[in-house]
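Working notes for the structure below.
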Number of protein chains: 2
Amino acid sequence: MLDRLGDRWSVLVVVALGKGAHRFRELQRAVPGISQRMLTVTTRRLVRDGLVRRTVHDTVPPQVEYQLTDLGLGFATMVDGLAAWSREHRPAINEARATFDAADQSPHPAATPTPRT
Amino acid sequence: MLDRLGDRWSVLVVVALGKGAHRFRELQRAVPGISQRMLTVTTRRLVRDGLVRRTVHDTVPPQVEYQLTDLGLGFATMVDGLAAWSREHRPAINEARATFDAADQSPHPAATPTPRT
DNA sequence: CCGTATCCCTTAGGATACTG
DNA sequence: CAGTATCCTAAGGGATACGG
């Protein structure tokens, strides 16, 4: 499944569905920036992997509902763990990036005695 | 960091470094299939994010060592959790895929039975 | 409303060659 | 050994238009 993680949209859709079942349009609004095409592609992939169940209500205006399966729920839980970790450590990462970027943007200052503090 | 997860090579490199420090070439061998270019790109990204520390030993044949920082170690732990989960559930996912694939390949047995081999 | 199919552009990333 | 730079192809993904 590490390859499914490599799929940015899949992760976001799973997170969105973790908050409850959604219809197609709802889901699109719940995942800002996703195009109609990618929503279709992503949902199909998730359904195929057994992480999401797709229910079609054959009403007058077509209505399709997407919800996590037990498997998908487990996956969502794992992803939430990752998300929590990333939130917790984002500051540290941002600091590391800032330090790194500052470092190689001053290639040749007369004296750069490792400016610390 | 969810975007770093979306980076397949980053994950694999972190996992490899989770087993100990490595030199450039060693790392390349430890991550089957990665090209020299992607190894460079990936390691730089990880160093920038503060997940990996890069140590240059200025010996006659250049020698560079990569190792996880504490931050990287925490990340590696999370990823291991994911990997464990995926291993545990791979059978279920494969079954779901097989079922799905079998389902939409026999839509209408009456005519045009989708000549497959 | 819920998709599917087409066009098209941007990017990831492999192969290769060269420097320190 | 450890990269860096260049080239080039394939895949990802947005915009749009059409079918059920």
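For the pair B/F24 CZ and C/dG20 C1', the computed distance is 14 Å after rounding to whole Å. Between B/R45 atom CZ and C/dT11 atom P the separation is 14 Å, expressed in whole Å.
Scored by the side-chain hydrogen bond (donor to acceptor under 3.5 Å, both in side chains) test, B/R25 finds B/Q28 as partners (sequence neighbours excluded). For A/A98, there are no side-chain contact (heavy atoms from CB on, under 4.5 Å) partners two or more places apart in sequence or in a different chain. Taking the side-chain hydrogen bond (donor to acceptor under 3.5 Å, both in side chains) definition, one finds that A/R54 meets it with A/Y66, sequence neighbours left out. Residues passing the side-chain contact (heavy atoms from CB on, under 4.5 Å) test with B/A96: none are found, sequence neighbours excluded.
Residue contacts for B/P62: at a heavy-atom cut-off of 4.0 Å it reaches a base atom on one of the strands shown.
Checking side-chain atoms of A/T42 against main-chain N and O of A/L39 turns up no donor-acceptor pair under 3.5 Å.
Residue A/T69 comes nearest to A/G50 through the heavy atom pair OG1-O, 2.7 Å, listed as atom of the first residue, atom of the second, then distance.
A/F100 has its side chain out of reach of B/D49: every pair of non-hydrogen atoms, C-beta onward, lies at least 4.5 Å apart. At least one side-chain heavy atom of B/L27 sits less than 4.5 Å from a side-chain heavy atom of B/V13.
Extent of DNA chain D lying under 4.0 Å from chain A heavy atoms, first and last nucleotide in 5' to 3' order, is D/dG13 to D/dG20.
Near-neighbour residues of DNA chain C inside residues 26-42 of chain B, defined by a heavy atom below 4.0 Å, number-ordered: B/S35, B/Q36, B/R37, B/M38.
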